[in-house]
Protein chains: 2
Amino acid sequence: MPDNSGAPSGQSLLFLTDEQLRKGIEAMFFAYRGFTADPDRILAEHGYGRAHHRAVHFIHRAPGTTVNNLLNILGVTKQSLNRVLRTLIDDGLVESRVGAQDKRERHLFLTEKGGALEAALSEAQRGRMRTAYRAAGPEAVQGFRTVLEAMMEADMRGHYEKMKEKT
Amino acid sequence: MPDNSGAPSGQSLLFLTDEQLRKGIEAMFFAYRGFTADPDRILAEHGYGRAHHRAVHFIHRAPGTTVNNLLNILGVTKQSLNRVLRTLIDDGLVESRVGAQDKRERHLFLTEKGGALEAALSEAQRGRMRTAYRAAGPEAVQGFRTVLEAMMEADMRGHYEKMKEKT
DNA sequence: CACAATACGTCAGTGTTGTTGACATTCCAA
DNA sequence: TTGGAATGTCAACAACACTGACGTATTGTG
């Protein structure tokens, strides 16, 4: 359905030479590193890693989400996630409440302290994103988002739009 | 200081609300995972990880590069890189030659076998990149690249254009 | 020449984050 | 009610990053 053969699409370059693609691949690599650099610094001060960041991020975004829910989003094993959650709970950043209907489930919430960390991490990352967006301009941002959406796994498309609401 | 009021920049939306930025952040997260999914599968078959992929990629791109050169690009410690290089050399994917001028340096090359792995990894990743590019269209690709460049660390900008040529 | 600096490799130890395997609890349906 | 599926926890292990300390060969400099 792309059909770039019959429709030059007005613009100029969609050669897609291996060279072009290679540049895109490397840009992705370097950009992702820059993208995570600021949060990584903050996390290191607290003795945490990226796994903690991801957990805190998605709990903030969907308070009351269950462990299983988080598992599907993050794409890791429950054992791996559990270790991270345990430290966050022990440190008083996350609260785990037994489910009302289904007592097997645990619903996760950020405490005030956890919310503070989330805010710090989020602000650092938004800062870099904002700077990049401003430098690139609105049209570039639109293109950026379009390509990223096409790049992610099909079963993840839309997960960042609305997470399952099973609160 | 934002002043998105005075400079509409032609297009429409550069609101940059926290919601907009959050979507961008999550898109980056999911897209990077999709971006590395295919190579990860191939690497797992060979018992390798992403660290091996990165090494093989940059050696392919700049044959004869030195260990120190690679260190600067990858941003890891020499101990970490050395572990990876050792396995690649032992498995006959990479060849290490003593420098002609400076005998302290080791110049790295892919063997035929190493080139084959690189080609497989590269083709898998290019395939996904190509699909995303086609789906998004030329203008989107341009914007994608522009934002990524603005997002990467300043000292890495241009490294993907031309690596130091100290062959 | 003697000495410092550079480039590379290695050994030992630690931490984060992923994995499998085993297990307890809870729910649901045959 | 009983067996199985779902949910979450504990234990052990592997990959890969890190720091720190050394050893060696080579280069450059006073």
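Every chain is numbered from 1, with letters handed out A, B, ... down the list of sequences. All figures in this text were calculated on a predicted structure; none of them were measured in a lab. Reckoned from all heavy atoms, side chains included, excluding hydrogens, waters and symmetry mates.
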May I ask you to evaluate whether His52(B) reaches the phosphate of dA15(D), defined as a side-chain N or O under 4.0 Å from OP1 or OP2? no

To the nearest 0.5 Å, what is the distance between NZ (Lys78(B)) and CG (Leu70(B))? 14.5 Å

How long is the line joining CG of Asn72(A) and P of dG8(D), in whole Å? 10 Å

What about Gln79(B): does its side chain form a donor-acceptor pair under 3.5 Å with the base of dG13(C)? no

Considering every strand and a 4.0 Å limit on heavy-atom distances, what is the contact class for Lys103(B): base, sugar-phosphate, or nothing? sugar-phosphate

Within the 4.0 Å heavy-atom criterion, would you say Gly75(B) contacts the bases, only the backbone, or no part of the nucleic acid? sugar-phosphate

Measure CD/Gln101(A) against C1'/dC27(C) and give the value in whole Å, please. 13 Å

Between P of dA6(D) and CG of Asp102(A), the distance in whole Å: 12 Å

If you draw a 6.0 Å radius around NE2 in His60(A), do more than 12 non-hydrogen atoms from other residues or ligands fall strictly inside? no

Take atom NE2 of His46(A) and atom P of dG15(C), then tell me their distance rounded to the nearest Å. 19 Å

What is the distance, rounded to the nearest whole Å, between atom CD1 of Ile89(B) and atom P of dG9(C)? 7 Å

Ignoring backbone atoms, test whether Asn82(B) places a side-chain nitrogen or oxygen under 4.0 Å from the OP1 or OP2 oxygen of dC8(C). no

Separation of dA6(D) P from Glu105(A) CD (nearest whole Å): 13 Å

Starting from P on dA15(D), measure out to CG on Leu81(B) and report it in whole angstrom. 18 Å

Return the value, rounded to whole Å, for the distance between atom CG of Leu74(A) and atom C1' of dG18(C). 13 Å

Closest to the 5' end of DNA chain C, once Gly47(A) and Ser80(A) are matched to their nearest nucleotides, is Gly47(A)

Describe the nucleic acid contact of Arg50(A) in one word from base, sugar-phosphate, nothing, applying a heavy-atom distance below 4.0 Å. sugar-phosphate

For the student: nearest non-hydrogen atoms of Gly92(A) and Lys113(A), plus distance: O-CB, 3.8 Å

Verify the neighbour count for atom CD of Glu112(B): are there more than 12 heavy atoms of other residues, nucleotides or ligands below 6.0 Å? no

Any donor-acceptor pair under 3.5 Å between the side chain of Arg106(B) and the base of dA7(C)? no

Within the modelled atom types, does a donor on one side and an acceptor on the other bring the side chain of Arg104(A) and the base of dT7(D) under 3.5 Å apart? no

Looking at dT17(C), dC8(C), dT26(C), which one has an atom nearest to any side-chain atom of Arg83(A)? dT17(C)

Could you check whether Arg41(B) pairs with Glu45(B) (Lys NZ or Arg NE/NH1/NH2 to Asp/Glu carboxylate O, under 4.0 Å)? no

Over all strands shown, is Arg86(B) touching base, sugar-phosphate only, or nothing at heavy-atom distances under 4.0 angstrom? sugar-phosphate

